[in-house]
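So the structure is just underneath, and the comments pick up after that.
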Amino acid sequence: MITGPNQPIETLKGVGPSLQGKLARLGILRTTDLLLHLPMRYQDRTRLVPLREVRAQTECLVVGRVVESKITYGRRRSWLVTIADDSGFLGLRFFYFSRQQQASLSAGMFVRAFGEVRFGAGGLEMTHPEYRGYHSLPPETERELTPVYHTTKGLGQARIRSLTLQLQAMKWPENSGTPYSTLLFLHAPPADTPLQEIAVAREKIALDELVAYYLIMRHRQSDRAHQRTIPLPQAQQLGRVLLQSLGFKLTGAQRRVVTEVLEDLARTQPMLRLLQGDVGSGKTVVAAFAAIRAAEHGMQTALMAPTEILAEQHYLTFSNWLEPLGINVILLTGRQTVKVRRQCQAAIAEGKALVAVGTHALFQNSVVFKNLALTIVDEQHRFGVHQRMALKNKGRAAHQLVMTATPIPRTLTMALYADMDISLIDELPKGRQPIETRTVPESRREEVIRRVGEVLATGQQAYWVCPLIEDSEQLEAAAAESTEQLLRKSLPQIRVGLLHGRMPSAEKGQTMNDFKDGRIQLLVATTVVEVGVDVTNATLMVIENPERMGLSQLHQLRGRIGRGRESSHCILLYKSPLSETARTRLQTIRKSCDGFFIAEQDLKLRGPGELLGTRQTGEQQFRVADLRSHAHLMPQVIATGDRLLKEDPGAVKRLLEAWAPADTGHISV
Ligand code: ADP
Ligand code: MG
């Protein structure tokens, strides 16, 4: 008999190579991983619900006798079995069924069924319940709540359950610090366990996991303390020259942050700094000062942006700012012609280009820097961790500046980015006007178009953002094209442009330039304009189907306007009817322009995945912890983690072994 944690999962009974492969897909390689693979929820098959007490939209277990079994012909042919107990009746409906099934449930038989109850044609019904017929009263019900696990193709709930049952029978060390008994409890809570008790147990495990994650981050941080890189102290006065040519004065926050960054760069320990600042707070110029500092030493900077449009725009901005200082800037994207790319790569390899701006093309193996000293990652939440690391490895331990406009509440930041130093731009440039946001139903589209025409007639510019179509760039592009046609027709005097992800790169660049220079007045775009795009004269944005978007995304999109001194307007053209959450979301975005407030609401209104860019980065994917319900644990996470580091190396080791096995890559380190 196996005892204890950390056994290979194939030591469990019934785990052959095929099952092992499926479990591996869930990150389950050891018995401990299975133990940590907690149920998403539970079904209650411990309690029989009298038929009269059955409610719609609930899952329950019932027992009754068949009073009628018949085929009905409504919209679809179906088999309806009506059962009864002393208290009432319930329908069991099947759209797919066999003769055998029909024959097995004849009048008078007992049936036990489990399923979700809904309102059907004839009142309350269970559709396709799990059921079994009996000739006499069915045996006892289950004694524990039934766990429902997150699973993968070809791996059924019953199979996972049979494995976790084996865990229950195993011997787990006591008093080891690991909450084994809590974990075992969560796999099979006894009947009548209050939900509250389950939540408390889960929270205990989540705390364990978050502390482990925090310890990993701290580990990385102290690793960095031992790394050495080339220090970049103040050399010439090129920064001052830029300051004078900018045409605006830095805000106090920008000055403070620039100082923080430049001080970091002067050290031999590589910088790893996260620069947070709401959309439009002016992060780009901070990056420019850092690049100038490297250039003063003849060292190279790589600036990476998540989209070609943004890379191109940064390239233009940086060229404008740095070329007059004699600093050569180059653009490298995946869609350049082979010839142009070769030339750019040569310039990077020879060190002629001191600043290389690009997309992820920047960190392909064919790109070799002569002397990379600094990497800057813009819109960090858009990148995968692996990409970020690949770039870092290019120049041994280069200084790193990571920028994000995704505001994360402070306590979260401190725990999740414990490996980084943090700078915050908490002030917008002077003279910015708040964006006025209105929600308008789609039925008033004509009116909105007229309004757009009026605004454009005054010489200002506008964006028209087309619906987000999940998973189909093609459909999204098609929608944008037809909207463009419509707007051209409705506003014949207006110069309309089109921008979507499927356009050739050069064409996108041209369109963006035309918009920037005012040759295009109205830019019809997909959500590709979401990140970074900066055209100050654009003061109006129409967003279609905003109800499909997350709060943070809406805030980012809207951040494309309100960048100049003119007052800006945003129109959210929604499709009715709105769901309750969609309504709350739109209300939030209408009332607030504060990225931090919006982020907090976002955290409340939906999973934090989107807020933190989990989908894109895979970074904050915890096994048990859920930042929405566990954010409040963060102060405790930090306190506990710090204490363990000081006092209890054994506990640190245990936590890291349990939660961060080297080869699953489940927590990105
Ligand atoms: P973000 O933080 O969203 O990346 P940007 O760096 O794109 O913001 O800056 C937004 C706009 O504000 C740009 O046009 C930039 O030139 C301008 N800007 C930056 N700092 C200031 C400032 N201190 N005063 C006025 N305008 C500024
Ligand atoms: Mg930006």
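When a ligand or atom number is given, it counts from 1 through the structure's own listing order. In this chain, numbering begins with 1 at the start of the sequence shown.
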From Leu572 CG over to Leu557 CG, what is the distance, rounded to the nearest 0.5 angstrom? 10.0 Å

Is Ser281 in contact with ligand 1, taking contact as a heavy-atom separation below 4.0 Å? yes

Which atoms from ligand 1 have a heavy atom of [X] less than 4.0 Å away?
| X | answer |
| --- | --- |
| Asp534 | 10 (C), 11 (C), 13 (C), 14 (O) |
| Lys249 | 22 (C), 23 (N), 24 (N) |
| Val279 | 3 (O) |

Out of Gly595, Ala287, Gly280, whose heavy atom sits nearest atom 3 (O) of ligand 1? Gly280

Among Thr284, Thr251, Leu428, Val286, which residue places a heavy atom closest to atom 6 (O) of ligand 1? Thr284

Verify whether one side chain among [X] and [Y] offers a donor that lies under 3.5 Å from an acceptor in the other.
| X | Y | value |
| --- | --- | --- |
| Asp378 | His314 | yes |
| Asp419 | Gln221 | no |
| Asp594 | His555 | no |
| Gln460 | Thr539 | yes |
| Arg590 | Gln587 | no |

Is the closest side-chain heavy-atom distance between Arg558 and Ile435 below 4.5 Å? yes

Any N or O of Trp321 that comes nearer than 3.5 Å to an N or O of ligand 1? no

Judging by distance only, is a nitrogen or oxygen of Gly282 under 3.5 angstrom from one on ligand 1? yes

For ligand 1, note which part of [X] has a heavy atom under 4.0 Å away: side chain, backbone, both or neither.
| X | answer |
| --- | --- |
| Leu250 | backbone |
| Gln313 | neither |
| Arg563 | side chain |
| Gln254 | side chain |

I would like to know whether Arg273 and Glu260 meet salt bridge (Lys or Arg N to Asp or Glu O under 4.0 Å); could you show each step before the answer? CA-CA 9 Å; Arg273 188 169 279 280; Glu260 285 166 357; 3.7 Å; yes

